[in-house]
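Okay, structure first, notes after.
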Amino acid sequence: MDRLNILYRGPLSSCNYDCNYCPFAKRRESASELANDREQLQRFVDWLKSRTHRSHGLLFTPWGEALTRRWYRDAIVELSHCDHIERVAIQTNLSASLEWLSASMVDRVALWCTYHPDEVVRSKFLAQCASLEGLGVRYSVGVVGIKEHLKEIESLRAELPKQVYLWVNAYKSSAKAYDQEQLEFLTKIDPLFPFNNVYHASAGKPCDTGLTTISIDGAGDVRRCHFVPEVLGNIYESELESMLSPRLCSKSSCGCHIGYVHMPSIKLKGVFGANILERIPVRSQRSTLG
């Protein structure tokens with residue numbers, strides 16, 4: 001049976017950064033809210049550990065920064081030691097300490113790291129990347145393609161190890177459309193940028209979400225992906241496999257990487273292969289992407 005990939009998003013929605021394009025920047029949560037997130041995460045971890053009959057991949061996609069919370073770090077370490085869990089990945093701004101990763105099975109852990117130039121100096125972010133290199137942890141690096149940050153993006157590409165894939169998320173807004181020179185520049189940085197710079201028509205088209213990849217929230221509710229609100233069931237009430245089936249997309253379009261990458265018509269699953277959760281192309285060297 002093929003690997004089932006899970007995108008987990010609990011109620012955590014606080015972040016230590018203050019990016020003006022993010023609605024969750026600097027949100028503070030109460031002690032009871034954090035305790036609830038921790039309890040829901042541990043329940044999910046226990047459930048996933050019990051599913052030894054099938055191989056899994058897991059990507060944490062929190063509405064905020066999770067690695068500043070010890071329970072997420074502990075969960076990654078714990079799950080990385082489970083033989084049936086092939087990959088544990090998380091989206092992070094890379095601001096937290098990385099020493100804890102040494103306790104993990106590093107060949108099963110990967111980080112999806114986003115650089116925010118207005119929140120951290122480049123040298124500090126690159127030092128964290130160097131720490132990942134030293135630990136042997138696989139990672140990708142990304143930025144939001146804000147026009148004011150183009151020079152910083154260019155410098156980041158020049159200073160990152162050449163084998164590290166640098167992805168760019170388009171800042172999609174009709175009022176801030178890229179001109180041709182900017183499009184060419186960003187495509188040179190990230191040859192896959194054109195896929196992210198559009199909303200892909202998806203209504204009625206096949207998508208592997210709901211079959212090979214699913215979204216689970218803190219309460220255990222299952223959705224095919226983060227962008228389709230229909231609940232397929234609950235992992236604590238029903239057998240997960242009964243919820244899985246091929247489905248056509250019900251949304252008019254899809255503009256997020258973690259959504260459209262699963263559409264067979266986009267033909268990106270082969271680009272990322274087993275690294276689809278951490279957004280690392282199978283061949284991550286720039287020369288093989290261009």
Side-chain angles (χ1 to χ4, degrees), residues 6-19 22-29 31 33-45 48 57-82 85 87-144 156 160 164-165 167 169 215-218 226 257-258 275 277-280:
I6 298 172
L7 276 60
Y8 176 84
R9 178 175 288 168
L12 183 76
S13 60
S14 56
C15 187
N16 57 333
Y17 279 5
D18 194 22
C19 304
C22 176
F24 303 96
K26 295 294 185 182
R27 184 183 183 279
R28 298 180 68 89
E29 288 165 309
E33 288 176 320
L34 291 174
N36 179 55
D37 179 72
R38 183 175 184 174
E39 290 169 4
Q40 290 190 350
L41 175 61
Q42 188 58 57
R43 188 183 186 192
F44 170 76
V45 168
L48 187 54
L58 173 64
L59 172 62
F60 289 106
T61 61
W63 283 126
E65 177 54 45
L67 290 185
T68 57
R69 308 298 178 183
R70 182 171 59 83
W71 51 94
Y72 281 90
R73 302 193 298 266
D74 290 346
I76 292 171
V77 172
E78 186 175 359
L79 291 171
S80 75
H81 287 273
C82 297
I85 300 176
R87 193 66 44 80
V88 185
I90 190 169
Q91 296 174 332
T92 175
N93 61 26
L94 214 57
S95 61
S97 169
L98 299 173
E99 295 178 1
W100 58 275
L101 282 164
S102 62
S104 71
M105 297 287 287
V106 294
D107 58 331
R108 296 178 185 166
V109 174
L111 300 187
W112 162 321
C113 312
T114 306
Y115 174 52
H116 301 282
D118 291 335
E119 298 297 319
V120 61
V121 295
R122 186 184 344 123
S123 59
K124 184 175 181 179
F125 181 86
L126 288 167
Q128 290 287 78
C129 293
S131 295
L132 293 176
E133 294 282 342
L135 289 164
V137 175
R138 299 166 59 259
Y139 66 102
S140 68
V141 169
V143 292
V144 178
L156 178 66
L160 275 173
V164 173
Y165 174 49
W167 47 266
N169 274 352
S215 169
I216 299 178
D217 68 17
H226 288 327
H257 170 85
I258 59 175
N275 305 333
L277 293 177
E278 58 266 37
R279 202 172 180 173
I280 300 176

For the backbone of Asp217 and the side chain of Arg9, can you confirm whether one donor and one acceptor N or O come within less than 3.5 Å of each other?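 No, because the side chain of Arg9 does not come within donor-acceptor range (under 3.5 Å) of the backbone of Asp217.
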
Does Ala127 offer a backbone N or O that forms a donor-acceptor pair with the side chain of Ser131 under 3.5 Å?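 Checked: pair present.
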
Enumerate the residue pairs fulfilling ring-ring contact (aromatic ring centres under 6.0 Å, His included) with a member in residues 117-136, sequence neighbours excluded, ordered by first and then second residue.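 Matches after skipping sequence neighbours: Tyr115-Phe125.
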
Locate the shortest heavy-atom distance separating [X] from [Y]; write the atom from each residue and the value.
| X | Y | answer |
| --- | --- | --- |
| Ser14 | Glu29 | OG-OE1, 2.7 Å |
| Val109 | Val137 | O-CG1, 4.0 Å |
| Gly218 | Tyr8 | CA-OH, 3.5 Å |
| Leu34 | Arg69 | CD1-NH1, 3.7 Å |
| Asp37 | Leu12 | OD1-N, 3.1 Å |
| Tyr139 | Cys113 | CB-SG, 4.1 Å |

State the [atom1]-[atom2] distance between [X] and [Y], to the nearest 0.5 angstrom.
| X | Y | atom1 | atom2 | answer |
| --- | --- | --- | --- | --- |
| Ile258 | Thr61 | CD1 | OG1 | 5.5 Å |
| Ile216 | Leu48 | CD1 | CG | 8.0 Å |
| Leu277 | Phe60 | CG | CZ | 11.5 Å |
| Glu78 | Ile85 | CD | CD1 | 9.0 Å |
| Ile6 | Leu58 | CD1 | CG | 6.5 Å |
| Glu99 | Arg73 | CD | CZ | 10.5 Å |

Could you list the residues that satisfy side-chain hydrogen bond (donor to acceptor under 3.5 Å, both in side chains) with Gln128, not counting sequence neighbours?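 So Gln128 forms no side-chain hydrogen bond (donor to acceptor under 3.5 Å, both in side chains) with any residue.
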
State, with a plain yes or no, whether a side-chain heavy atom of [X] is found less than 4.5 Å away from one of [Y].
| X | Y | result |
| --- | --- | --- |
| Ile90 | Leu111 | yes |
| Glu133 | Val164 | yes |
| Arg279 | Gln91 | no |
| Leu67 | Leu94 | no |

Using the test side chain to side chain contact (heavy atoms under 4.5 Å, CB included), find all partners of [X] that sit at least two apart in sequence or belong to another chain.
| X | value |
| --- | --- |
| Asn93 | Cys15, Asn16, Tyr17, Glu65, Ser95, His116 |
| Asn36 | Pro11, Gln40 |
| His81 | Val77, Met105 |

Pairing residues for Glu278 by the salt bridge (Lys or Arg N to Asp or Glu O under 4.0 Å) criterion, not counting sequence neighbours: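 With sequence neighbours excluded, Glu278 shows a salt bridge (Lys or Arg N to Asp or Glu O under 4.0 Å) to Arg87, Arg138, given in chain and number order.
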
